[in-house]
*Asks:* 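Quick one: structure below, then a few questions.
Per chain, numbering begins at 1; letters A, B, ... match sequence-line order. All heavy atoms count here, side chains included; hydrogens, waters and symmetry mates do not.
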Amino acid sequence: MSLTYLDAICEAQAHALRDDPRVFIYGQDVGAFGGAFKATKNLAKDFPGRVIDSPISEDAMVGLAVGAAIEGMRPIIEMQFADFSTVGFNQIVNQAATLFWRTNISCPITVRLPFGGTSGGGPFHSQSLETIYAHYPGLIVLTPATVEDAYSMLLEAVAIDDPVIFCEHKFLYRHLKAEKLPSEALPIGKARIAREGRDLTIVAYSAMVQDALEAAGELATEGWEVEVVDLRSVKPLDTDTVMASVARTGKLLAVGESWPWGGVTAEVIARVTSEGYGLLDAPPQRLNAKDTPVPYHPNLWAAHRPTVRSIGAAARKILRH
Amino acid sequence: MSLTYLDAICEAQAHALRDDPRVFIYGQDVGAFGGAFKATKNLAKDFPGRVIDSPISEDAMVGLAVGAAIEGMRPIIEMQFADFSTVGFNQIVNQAATLFWRTNISCPITVRLPFGGTSGGGPFHSQSLETIYAHYPGLIVLTPATVEDAYSMLLEAVAIDDPVIFCEHKFLYRHLKAEKLPSEALPIGKARIAREGRDLTIVAYSAMVQDALEAAGELATEGWEVEVVDLRSVKPLDTDTVMASVARTGKLLAVGESWPWGGVTAEVIARVTSEGYGLLDAPPQRLNAKDTPVPYHPNLWAAHRPTVRSIGAAARKILRH
Amino acid sequence: MLQTVSEPRGGQVEAVPEAHLLAYRFMLRARLLDEKFAALYRAGKIHGGVFLGRGQEALSAALGINLTKSDVFAPLIRDGAGRLAFGETIVDAVRTYMGSSLGPMRGRDGNVHRGNPQAGYLPMISHLGAMVSVVNGVLFARRMKGITGIVGATCLGDGATSTGAFHEALNQAAVEKLPLILVVADNQYAYSTPTSRQFACESLADRAAGYGIAGHSVDGTDLTACLKTVGMAVASARAGKGPQLVVAKLLRLCGHGEHDDASYIDPKYKTSALGRDCLKVAEEKILQQKWTDAAQIAVWRSEAIREIEEAVAQVQREPAPDPFAEEWTALSTKRLIEGNA
Amino acid sequence: MLQTVSEPRGGQVEAVPEAHLLAYRFMLRARLLDEKFAALYRAGKIHGGVFLGRGQEALSAALGINLTKSDVFAPLIRDGAGRLAFGETIVDAVRTYMGSSLGPMRGRDGNVHRGNPQAGYLPMISHLGAMVSVVNGVLFARRMKGITGIVGATCLGDGATSTGAFHEALNQAAVEKLPLILVVADNQYAYSTPTSRQFACESLADRAAGYGIAGHSVDGTDLTACLKTVGMAVASARAGKGPQLVVAKLLRLCGHGEHDDASYIDPKYKTSALGRDCLKVAEEKILQQKWTDAAQIAVWRSEAIREIEEAVAQVQREPAPDPFAEEWTALSTKRLIEGNA
Ligand SMILES: Cc1ncc(C[n+]2csc(CCOP(=O)(O)OP(=O)(O)O)c2C)c(N)n1
Ligand SMILES: Cc1ncc(C[n+]2csc(CCOP(=O)(O)OP(=O)(O)O)c2C)c(N)n1
Ligand SMILES: [Mg+2]
Ligand SMILES: [Mg+2]
């Protein structure tokens, strides 16, 4: 048996529905159809009345989830694409994210965002929105990079009492495979050393972890030992693991698929330089997508985001410092 | 005669309406009433048919502005509070910000956001949203800190062919005064040295510039010469001026009123450390609001955001490094 | 003694004099409480805005007394009367305005942004229209749990009907056939904006058909009419007939907030039937019907004033929130707070 | 020769046979173009989704031929026919799907996300409902400039009526009394979701009253009916009678996109009147009325196929966008691009 990242997401939801009667799923086409990406395949059949098609109303979808959470449920909301969550943005950041702080009543909702670029996706089906959600207080923002993490982090997301933005990368959906689902996992909030090395730390998350690992593999053939840190969750962000890695390597490259202004790469560099300044023996560097919407044509798309090649090039520049 | 920051905003709009027939203002209560803050006082009377009350429909307000811009107009949209722009978020980031890139037709709209904390404002009338807008490609995000800049930058905002998010700080509205309006100004995109010094660079924007200046004044009595850089626009962000200042002082404190994850302070530090690493002789530091919604009670509010005192304390720590 | 949230309400309000008297007393208390808030505001004792329900008490109280403590209620800014009828204590209202650390919002949020979700009393966020789908969510969850016979009520102004959130949520309630009562107080203005700039239909009740739900219109200045119409709508929802849209016409008899002199209000309204003060109208009816006498009303009034004054005095002695004792986190999961690793 | 965008349309479509023939030819061309896109998709020659207008051509063409080049049009995913009738060239449609650097979107955006704002042809963003207020804005600006006699038209599906954007914009048009025609193609499904999960009113045309605007219902499978109803709606808007909501019932005769086999569609629809193919219905009527003969239709068909094949062959030779030549900025103000200081 081999499972994809997408299978893992579907399995985690089945598991959550099975184990916890408070869980339900609400979103466009998630019912009998099984979702635009088939992330809820068979779930409506297996869990009657608990996997429910919503109207095309992202604002009301999130609002309903918050109300249900107040009532003790643990709803999972599927956005058809992360890009459309901008229409439900207000309910996420001002309703869900503030509820516990204002009222002491927790808000255990999980908002699943199929996100990130795929060839031909274009400007409105490719966005990476972890930054805008991580900026708001009260949200947990997860960015699993492996099949195992897609499974275990989604399970944990549903169990967490706070609202979770679960960023699942569309490119990884069918691209990544694993032999079996994990029975244990790092807790959320802990980053993972995806590859050990002592010459340079590459900090990445989600699909970029795979590209960083590939780049690290290429650099190994040139004699460089590159360490890759998979953040796993961008909020909270595990500064300790990043700093410990930088303490070993002395060099830092932060890589993200989202736009260049602000975001995870800026946050990582700001933390490392302000809290662990002495650890670095070269200027930290960052690599992000270009500062335009995500292009449709494959040629443009491939040039817009960081790639194995551009990560390798940036790494070499630092290594030769 | 003495003019407030708010007067400057009203005057700039009058000026724009007078000089350019393509300009109109659309927003809730902006007409005969003159706006919730009186930023459009008398304009409906002086410019009949060009200062128009909208329904409570932030999404449609921005959509209408984009359509009018396509037709060659230069609309100014007033959000009643920045916080409510989350409801018009999608049209701002996905419609306005992408138009030129997609179609080669520019989108000269100005969205005015009365933003920032005031005592008693509470979580939904106090937010600082420059970060979420600056993250998206295609937007210009302005944060004037003085009466003069409020005036000249708003005039320039209306003249710019791209969509501008004009963040006008509610606390400065009546708090700041000037003798007269400027006849010339730094262009948008250039930061300003608000105070010269050689011991430490404090980078700030909007209301925090005033607090930083006050802190610098106090530090001067202790013998420290602190330079204060007023970013003026957070996107584009004038890295050159910041770096030149850090080159003089060797020390950096970035201050912002918004939440701590991501944002202007992270971006400033990431740029300075990656592009001007050797300039620093102490770890760069940042000071932001706390990672919760903005509290209502004045005691909590004052502790939530950076203050003259906390800026001073952070500065002393760096200076004693 | 006034009925409190711990006593059963709802379904008991049919006996006409009793319902009127009950509603009237909440109206009176709400009016007096509002007046106190206005006075505290003028005295500089309240930070931020003060928003009154003056002129809307009949509608709001009629809703509140038709709800039971098992129901869900998400009031809006002008629902002081409904809040009291639903069981809010005066002291908690005062605490929220004054930012007391002992209040339900602990000084974190203020003024009309108050509630107690565990009691089915949802604290509004400011974004208009945003609470409707949250009420839907509570009702949806309760139905999943097999709880029946309850309803959820929420209120909006004429202006708030222009929000996308209103539309999405009302449609969602209709599709799910939820027991939602959405009460719209069409008070002729949204802040300074007249309804002619807000919508173009004859009456907002004309919207009901477009959602496939029941619509009701009522004269919001007339407590008798409000009791009847709102009572009917609540009963219909409770009986499983799906969402109910109630649109009341009335006039806001105050500024948008206490900072606003409302000089933009067209004088024609003030002299029209719309501009009647619902509290006076209700009082006249009660006296005329001899359901009670003026002396009794005077007692109620002075009791309420005493209670309000005591509440204010008490709250003024209560501790303000202490920034040093404050847990500066928005997360309930302590282990996920950064720095807590 | 087919009428093109440079020739006057609108107001000329009353002569019944001419209007039918004109609309039919756009329908036919759109159907054939769609079939070509589907074939290219199956051959792996198109990246991303392919969305067809199969079954919706009558409605879309009826709208397109009623617009003039001075009007504004914001079509949606299933409006291939309306786009052609409004003046889009086949080659530009192909260019957008294939990502040609010479296309109107220059490979930056693709498939149905195409247009030319300067020609009043607005390129949709994906977020459903978001284009309606943009059309309002163009109309609003034109009114400010004193331009009259023009209209703006846009299309949505049944599912898109559940968005807040739809509501805010339709209400805005009503308040401003803009000459907006909003055409809703109620094709029974939004992706896989049946209308029973999308709204609870009898017909979406019931919404018109709630906005205080004119509402029209029409059988979307019947070109004759579409021409009449849409023509009337456009004429009303043009005459200053404010926004017009046109709701057509029909069935989507394809998957949501070409990746979707639409196996969820209830078979009952396929055999009902709703499931008729509007292209066949129109063709039968034309032949039956002897407005033209089968031979002429065959000529039109082969002409269209040749034009489509030529367009595809041409576009395949056109340069793909070059990432090295690309200006990587979203700003039109060059001096504000970072690094350009
Ligand atoms: C989405 C949103 N936009 C703007 C505001 C600012 N605002 C607060 S109350 C108000 C007027 C509300 O009018 P209406 O709904 O008629 O209620 P009323 O005050 O008349 O009771 C406005 C514009 C808001 N709270 N939310
Ligand atoms: C705001 C938003 N949410 C979700 C989507 C994803 N989506 C694209 S098309 C579609 C179905 C649209 O159905 P309908 O409006 O009935 O149009 P049809 O496809 O039937 O023509 C959905 C859910 C979107 N584009 N925008
Ligand atoms: Mg009102
Ligand atoms: Mg449909």
*Asks:* Please list, chain by chain and in numerical order, all residues satisfying side chain to side chain contact (heavy atoms under 4.5 Å, CB included) with A:Ala270, sequence neighbours excluded.
*Replies:*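 Side chain to side chain contact (heavy atoms under 4.5 Å, CB included) list for A:Ala270, sorted by chain: B:Ala266, B:Ile269, B:Arg286.
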*Asks:* Any side-chain to backbone donor/acceptor pair from D:Tyr191 onto A:Gly35? Under 3.5 Å, distance only.
*Replies:*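 Absent.
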*Asks:* Quick one: does A:Asp291's side chain have a donor or acceptor within less than 3.5 Å of a partner on D:Thr329's backbone?
*Replies:*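 Not a single qualifying donor-acceptor pair exists.
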*Asks:* So which part of A:Ala36 gets closer than 4.5 Å to some heavy atom of chain D, the side chain, the backbone, both or neither?
*Replies:*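 Its backbone and side chain both get close to chain D.
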*Asks:* Return the minimal non-hydrogen interatomic distance between D:Arg108 and A:Pro123, and the atom names on each side.
*Replies:*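 What the structure gives for the nearest pair is O-CD, 3.7 Å.
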*Asks:* Count the heavy-atom pairs under 4.5 Å between each of A:Pro295, A:Ala303, A:Pro298 and chain D, then report the option with the highest count.
*Replies:*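 Looking at each of A:Pro295, A:Ala303, A:Pro298 in turn, A:Pro298 comes out on top.
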*Asks:* List the atom of A:Pro293, the atom of D:Ala330, and the distance in Å for their closest heavy-atom pair.
*Replies:*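 In terms of heavy atoms, the two residues are closest at CD-CB, 4.0 Å.
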*Asks:* How many angstroms lie between atom OH of A:Tyr296 and atom OG1 of D:Thr96, to the nearest 0.5 angstrom?
*Replies:*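 Nearest 0.5 Å value for the OH-OG1 distance: 8.5 Å.
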*Asks:* Grab the two heavy atoms, one from A:Gly120 and one from D:His47, that are nearest each other, plus how far apart they are.
*Replies:*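 So the minimum-distance heavy-atom pair works out to CA-CB, 3.8 Å.
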*Asks:* Looking only at heavy atoms, which of residues 98-107 of chain D get nearer than 4.5 Å to chain A?
*Replies:*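 Result: D:Met98, D:Gly99, D:Arg106, D:Gly107.
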*Asks:* Evaluate the side chain to side chain contact (heavy atoms under 4.5 Å, CB included) criterion for residues A:Phe84 and D:Leu128: first the C-alpha distance (whole Å), next the side-chain angles of each, then the deciding distance (0.1 Å), finally the verdict.
*Replies:* CA-CA 9 Å; A:Phe84 303 135; D:Leu128 293 168; over 6 Å; no
*Asks:* Could you pull out the closest heavy-atom pair between A:Asp29 and D:Ser192, with the gap in Å?
*Replies:*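 It is OD1-OG, 2.7 Å.
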*Asks:* Sort A:Gln80 into side chain, backbone, both or neither according to what part of it lies under 4.5 angstrom from a heavy atom of chain D.
*Replies:*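 Side chain only.
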*Asks:* Non-hydrogen atoms of chain D under 4.5 Å away: do they reach the side chain of A:His304, the backbone, both or neither?
*Replies:*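 Both parts, heavy atoms under 4.5 Å.
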*Asks:* Contact part of A:Thr86 toward chain D, heavy-atom cut-off under 4.5 Å: side chain, backbone, both or neither?
*Replies:*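 Interface part for A:Thr86: side chain.
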*Asks:* Under a 4.5 Å cutoff for heavy-atom pairs, which residue among D:His256, D:Gln198, D:Arg197, D:His127 has the most contacts with chain A?
*Replies:*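 Highest number of heavy-atom pairs under 4.5 Å: D:His127.
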*Asks:* Using the six-membered ring wherever Trp is involved, compare the ring planes of A:Phe33 and D:Tyr264 and label them parallel, tilted or perpendicular (cut-offs 30° and 60°).
*Replies:*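 Plane angle over 60°, so perpendicular.
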*Asks:* Which pair of heavy atoms, one from A:Asn299 and one from D:Ala320, lies closest together, and at what distance?
*Replies:*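 Smallest heavy-atom distance, with atoms named: ND2-CB, 3.6 Å.
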*Asks:* Can you check side chain to side chain contact (heavy atoms under 4.5 Å, CB included) on A:Leu300 and D:Trp328, steps first, answer last?
*Replies:* CA-CA 10 Å; A:Leu300 298 180; D:Trp328 288 105; 4.2 Å; yes
